[in-house]
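Just so you know, these numbers use all the heavy atoms, side chains as well, and skip hydrogens, waters and symmetry mates. Throughout, residue positions are numbered sequentially from 1 according to the sequence presented.
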Amino acid sequence: MKSLLNMKPTLMEWRRRAGPGLAYDLHTAEGIAASLVFPDRGSTLARVETAEGAWTIMHPDLLNPVTTVRVAGATDNLALFYPHALRHGSLEFSDGVAYDWAALDGTPAGGAFLSQAGTPLVRLHPRLGLDPIQDLESGMVELGHPPQQAWRHGILAALGWYLLVLDHFKENPEHAAEFSLRL
């Protein structure tokens, strides 16, 4: 995989992998920079891999809307995402660093992670396939200025895409029963 550490602000694209599972790769002009894989379609657990490391993301359930981010194989949380009203939220790392998540208008709606000063770090713009009820096929990713810990760029891009995929399930009644069972 290509590292996001040395990439200047650039445009990339999450693309769904062909096949029966739900998995995406983050494509750049230089190759694949990250992957986001849902090992089990009946679960909200996803695995993220970048050149900088591997993490798991999970939205436990409806009564506990906090999404966890962990180093793969670890039991302690690296970060927690707290959703707020109107699809906004806050990602708080265990070392105290926090980023705001802001929903972006559009059909389908996108999102952006912002620094505490309001500077865009990562923006995501999903695109629907020919059948908008199906899973998201792809999404454009704009990298802004890297966070102070540049290795977090990949986590922000993957978590943002994860949140948009879950939102897509919530918005489509055809997926509502299946999605509610996952939560």
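- Using modelled atom types, one side-chain atom of Q116 and one backbone atom of A98 make a donor-acceptor pair closer than 3.5 Å.
- Y24 and W14 have perpendicular rings, their planes meeting at more than 60° on a 0 to 90° scale where under 30° would count as parallel.
- The two residues E49 and A54 come nearest to each other via the heavy atoms CG-CB, 3.9 Å.
- For the side-chain hydrogen bond (donor to acceptor under 3.5 Å, both in side chains) with R70, the lone residue among T56, N77, T75 that qualifies is N77.
- Closest approach of A46 and P39 over heavy atoms only: CA-CD, 4.3 Å.
- Judged purely by atom type and a 3.5 angstrom limit, T44 uses its side chain to pair as donor or acceptor with the backbone of H59.
- The backbone N or O of I32 sits nowhere less than 3.5 Å from a side-chain atom of T28 that would complete a donor-acceptor pair.
- Side-chain heavy atoms closer than 4.5 Å link hydrophobic residues (I, L, V, M, F, W, Y) into clusters, and following such links, even through other members, never connects L114 to Y162.
- Side-chain heavy atoms closer than 4.5 Å link hydrophobic residues (I, L, V, M, F, W, Y) into clusters, and following such links, even through other members, never connects F93 to M58.
- Side-chain contact of H125 with E142: a donor-acceptor pair under 3.5 Å is present, judged by distance alone.
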Using the side-chain contact (heavy atoms from CB on, under 4.5 Å) rule, take V48 and I155 through it: C-alpha gap first, then chi angles, then the decisive distance, then the call.
CA-CA 8 Å; V48 174; I155 293 175; 5.8 Å; no
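- Put simply, CE on M1 and CG on L26 are 9.5 Å apart, with the number rounded to the nearest 0.5 Å.
- R47 approaches A72 most closely through the heavy-atom pair NH1-CB, 3.2 Å.
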After noting the C-alpha distance and the side-chain angles of W101 and L91, does the key distance pass the side-chain contact (heavy atoms from CB on, under 4.5 Å) rule?
CA-CA 7 Å; W101 172 253; L91 176 63; over 6 Å; no
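- The two residues S35 and R17 come nearest to each other via the heavy atoms CB-NH2, 3.4 Å.
- The side-chain heavy atoms of E92 and V97, taken from C-beta on, include no pair separated by under 4.5 Å.
- Using a cut-off of 4.0 Å between Lys/Arg side-chain N and Asp/Glu carboxylate O, E13 and R127 are scored as salt-bridged.
- Taken together through direct or relayed side-chain contacts under 4.5 Å among Ile, Leu, Val, Met, Phe, Trp and Tyr, L156 and V37 form parts of separate hydrophobic clusters.
- Considering OG1 of T119 and CG of D100, their distance stands at 11.0 Å, rounded to 0.5 Å.
- Here the side chains of R16 and S138 are not in contact, with every heavy-atom distance at 4.5 Å or above.
- Hydrophobic clustering (ILVMFWY, side-chain heavy atoms < 4.5 Å, transitive): W55 and L166 are in one cluster.
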Audit row: V141, L11, side-chain contact (heavy atoms from CB on, under 4.5 Å) steps and yes/no:
CA-CA 6 Å; V141 178; L11 191 61; over 6 Å; no
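- Side-chain contact between L121 and Y99 is present, with at least one heavy-atom pair separated by less than 4.5 Å.
- With hydrophobic clusters built from ILVMFWY side chains whose heavy atoms lie under 4.5 angstrom apart, W151 shares a cluster with V69.
- Looking only at side-chain heavy atoms (C-beta outward), M140 and M12 stay at 4.5 Å or farther from each other.
- The minimum heavy-atom distance between A158 and L36, with the atom names listed, is O-CD2, 4.1 Å.
- Under the 4.5 Å side-chain criterion, counting only non-hydrogen atoms from C-beta, I57 is in contact with L159.
- Scanning both residues, K2 and E30, for their nearest heavy atoms gives CE-O, 2.9 Å.
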